[in-house]
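All values below come from the heavy atoms of this structure, side chains included, with hydrogens, waters and symmetry mates left out. The sequence lines fix the lettering, A, B, ..., with proteins before strands; numbering per chain opens at 1.
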Amino acid sequence: MNYWLVKSEPDTYGWHHFMEQGRAVWDGVRNYQARNNLRLMQVGDQVLFYHSVTNPAVVGLATVVRESYPDPTALDEPVVANAATRPTPWVVVELEPVMALEKPVTLARIKAEPMLATVALIKQSRLSVMPIKPDEFELILAMGQHAAKSEDR
DNA sequence: GCCAACGTTGGC
DNA sequence: GCCAACGTTGGC
């Protein structure tokens with residue numbers, strides 16, 4: 001099993017919206033590195049759901065329920081002239097929520113944790129779909145389940 | 001609202 | 001193939 005982190009702006013598509021829908025087609029990714037990561041996702045992989053821009057934090061856990069297929073929202077775009085023979089290069093996966101974290105793991109806490117200094121979230125702040133190492137994943141999840149810490153929010 | 005970092009585009 | 005200009009993302 002692999003572990004990932006996906007970003008979404010809460011004002012555009014937040015965790016609560018995701019929970020209400022119960023399932024999301026993760027479309028609109030238009031970055032090759034992020035696309036490559038989508039292609040590697042397998043059913044059952046665990047996905048951290050991160051809110052960017054507004055109160056940046058990991059807020060929930062999701063899982064992959066359908067592997068990558070061509071992004072239907074890309075078909076209208078003038079990406080490829082010969083669309084008849086060459087499909088869009090962009091893909092989607094489908095995700096379902098597993099649980100909300102008891103306490104959001106803020107970007108500030110992630111940055112303050114030495115063991116998380118190498119996560120792509122920090123090193124490559126603009127990447128919207130990134131792999132997470134198992135140890136890092138477990139730590140972030142644990143940080144989100146410990147209601148004790150009082151220093152933030 | 002500002003700005004730094006990054007990715008993409010297009011001229012040469 | 002290089003690089004400047006430009007657009008976008010995302011933290012603060």
- For DNA chain C, which ranges pair as stems of 3 or more consecutive Watson-Crick or G-U pairs, with both donor-acceptor distances under 3.5 Å? B:1-12 with C:1-12
- Query: Is A/Met143 reachable from A/Leu121 through a run of I, L, V, M, F, W or Y residues, each pair having side-chain heavy atoms under 4.5 Å apart?
  - Reply: yes
- Message: Please find the pair of heavy atoms, one from A/Gln145 and one from A/Glu102, that lie closest to each other, and give the distance.
- Response: O-OE1, 2.7 Å
- Short side-chain to backbone donor-acceptor contact, A/Glu113 and A/Met115, under 3.5 Å: yes
- Task: Please state whether the rings of A/Tyr13 and A/His17 are parallel, tilted or perpendicular, taking 30° and 60° as the class boundaries.
- Result: tilted
- Message: For A/Trp26 and A/Phe49, take the angle between the two ring planes, folded into 0 to 90°, and tell me which bin it lands in: parallel under 30, tilted 30 to 60, perpendicular over 60.
- Response: perpendicular
- Query: Does A/Met41 offer a backbone N or O that forms a donor-acceptor pair with the side chain of A/Asn2 under 3.5 Å?
  - Reply: no
- Item | Along DNA chain C, first and last positions that approach a heavy atom of chain A under 4.0 Å | C/dG7 to C/dC12
- Query: Got a second to check how far A/Leu95's CG is from A/Gln21's CD, nearest 0.5 Å?
  - Reply: 11.5 Å
